[in-house]
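Take a look at the structure set out below.
Start at 1 with the first residue, then count along the sequence. Please read these numbers as outputs of a predicted model, since none were measured by experiment.
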Amino acid sequence: TALGLRGWSWRRRAPVIVLAAALITLLEFRAVVTIAHSRHSVYQLPAAAVISVIVVAGVATVAAVGMTLVPRPRIAIVAALVAALAMAGIATMLSIGLLLVPVAVVAAMAATPMLRDAGRRGWVLGLLCGVPLGAGLVAVSLVSLQPPLLRCGAGTVTESDRAWWGGGTGTSEATDWLRLDDAPAGSISTGGHTFRYVCRGTTLVSFGRS
């Protein structure tokens, strides 16, 4: 058949099925986390980012299912690994990405000789499943792991870099920390907007655009 299902066996594909199930679970979990974050204004996640995560997670899930059906799942697994390393490297190019991109290239070159006997169909199907799976998994994880714009601490406010969404690093005004039973307030400017916030201890009790 087109996907090579002739001779397909649950027993022989069990490790690949378990791996695919684990990746699908991770994808769906990260998508749910992103949706949850989008409901809180402090995360400043645009609708386009949330929609993209849902779509990419769906495509990657289909690719994970396809990985269990292709004649040479090893190609899909290797392709997913290389795509994930490359995607992570590109996304973090100014830091650890300088190491991840070369590692992805080396991994691709090292794996190619081991899979030469796969044939054109095996390579095409493996790449069609592996690349979206690996790249999608990293893309979804990067968005879902974005921290909130700020966190309230014990007498401090920690701000996060919002360069992912064009906001740059935020700047905040000095916060007037009063008695313990009072709620200190302040403001932060990022992405051309100013947001006011109120912290009570380590809890953010109010956040909104001023």
Note: Gly66 and Cys129 closest approach over all heavy atoms is C-SG, 3.6 Å

Grab the two heavy atoms, one from Met67 and one from Pro73, that are nearest each other, plus how far apart they are. O-CB, 3.5 Å

Assess whether side-chain contact (heavy atoms from CB on, under 4.5 Å) is satisfied between Val65 and Ile24, documenting all intermediate values. CA-CA 8 Å; Val65 173; Ile24 291 172; 3.9 Å; yes

Given side chains that start at C-beta, do those of Ile75 and Val70 come closer than 4.5 Å, heavy atoms only? no

Quick one: side chain to side chain donor-acceptor pair (under 3.5 Å) partners of Ser141, sequence neighbours excluded? none

Single-linkage hydrophobic cluster Ile35~Val56, side-chain heavy atoms < 4.5 angstrom: yes

Are Leu19 and Thr68 close enough that some pair of their side-chain heavy atoms sits under 4.5 Å apart? no

Against Ser38, only a single residue in Ile51, Val50, Val53 fulfils side-chain contact (heavy atoms from CB on, under 4.5 Å); can you say which? Val50

Side chains of Thr34 and Ile54: closer than 4.5 Å at any heavy-atom pair? no

If Ile, Leu, Val, Met, Phe, Trp and Tyr residues are connected whenever their side-chain heavy atoms lie under 4.5 Å apart, and connections chain through other members, are Val138 and Val33 in the same group? no

With Tyr197, which of Leu149, Val42, Leu150 fulfils side-chain contact (heavy atoms from CB on, under 4.5 Å)? Leu150

Using a 4.5 Å cut-off on heavy atoms from C-beta on, say whether the side chain of Leu145 contacts that of Arg30. yes

I need the minimum non-hydrogen distance between Ala60 and Gly136, along with the two atoms involved. CB-CA, 4.4 Å

Closest heavy-atom contact between Gln146 and His37? O-ND1, 4.3 Å

Between Leu204 and Val198, is any pair of side-chain heavy atoms under 4.5 Å apart? no

Pairwise side-chain contact, Leu125 with Pro71, heavy-atom cut-off 4.5 Å (strictly under): yes

Correct closest heavy-atom pair for Ala63 and Pro132 would be CB-CB, 4.2 Å

Measuring only between side-chain heavy atoms, which start at C-beta, is Gln44 closer than 4.5 Å to Phe195? yes

What distance separates Leu45 CG from Ser144 OG, expressed to the nearest 0.5 Å? 9.5 Å

Using the rule that two of Ile, Leu, Val, Met, Phe, Trp, Tyr join whenever any of their side-chain heavy atoms come within less than 4.5 Å, decide whether Ile17 and Val62 are in one cluster. no

Does the side chain of Leu81 come within less than 4.5 Å of Ile77's, by heavy atoms? no

Out of curiosity, Arg200 CZ to Ser206 OG, how far, rounded to the nearest 0.5 Å? 10.0 Å

